[in-house]
Amino acid sequence: MSKPARIRLAGNLRKSRRGLLIETAEKKIWVLDFGEDVDVPKTKSVIIEGIQAGFDRISVDWAASSADG
């Protein structure tokens, strides 16, 4: 069994009917599942890290405001 892919992304947070999303500079969109102990940054520009949990979904275990935003 392969190990789940660990991913770090930078981009802009957006809200949708599916929940919080991140849109990267490459226009890739990921659905974000924040863990109970992970605070959602209050800024639009963020960096997130977590495990890929589906085709376009990430289980976030770390998030911070981006220095660019």
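Heavy-atom basis, side chains included; hydrogens, waters and symmetry copies ignored.
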Requested in this report: Looking only at non-hydrogen atoms, find the nearest pair between T43 and S65 and report the distance.
Outcome: OG1-OG, 2.9 Å
Query - Side-chain donor/acceptor of Q52 to backbone N/O of G54, under 3.5 Å - result: yes
Query raised in the report: Between N12 and V46, does a side-chain contact (heavy atoms from CB on, under 4.5 Å) hold up when you go through it step by step?
Result: CA-CA 6 Å; N12 293 318; V46 298; over 6 Å; no
Query raised in the report: Under 6.0 Å from the NZ atom of K44, do we count more than 12 heavy atoms belonging to anything else shown?
Result: no
Query - Taking every non-hydrogen atom, the tightest pair across W30 and F55 - result: CZ3-O, 3.8 Å
Query raised in the report: When you look at E49 and I7, which way does the side-chain contact (heavy atoms from CB on, under 4.5 Å) test go after all the steps?
Result: CA-CA 6 Å; E49 190 171 300; I7 296 178; over 6 Å; no
Query raised in the report: Would I22 and F34 show up in the same hydrophobic cluster when neighbours are defined by side-chain heavy atoms closer than 4.5 Å?
Result: yes
Requested in this report: Find out if a path of hydrophobic residues (ILVMFWY) with successive side-chain heavy-atom gaps under 4.5 Å connects I48 to V40.
Outcome: yes
Query raised in the report: Going hydrophobic residue to hydrophobic residue with side-chain gaps under 4.5 angstrom, can you get from V38 over to L20?
Result: yes
Requested in this report: Would you sort out whether W62 and I47 count as a side-chain contact (heavy atoms from CB on, under 4.5 Å), showing the intermediate values?
Outcome: CA-CA 8 Å; W62 179 85; I47 299 170; 3.6 Å; yes
**Report entry** Verdict with reasoning, R14 to I29, per side-chain contact (heavy atoms from CB on, under 4.5 Å)
**Finding:** CA-CA 10 Å; R14 295 183 6 197; I29 295 177; 3.7 Å; yes
Report task. Could you tell me the separation between the CG atom of L9 and the NZ atom of K28, rounded to the nearest 0.5 Å? Result -> 9.5 Å
Requested in this report: Could I get the full list of side-chain contact (heavy atoms from CB on, under 4.5 Å) partners for I51, not counting sequence neighbours?
Outcome: P4, R6
Query raised in the report: Would you say D33 and R57 make side-chain contact, with heavy atoms under 4.5 Å?
Result: yes
Query raised in the report: Out of curiosity, T24 OG1 to L21 CG, how far, rounded to the nearest 0.5 Å?
Result: 11.5 Å
Query raised in the report: Just how far is it from atom CZ of R18 to atom CG of D56, taken to the nearest 0.5 Å?
Result: 4.5 Å
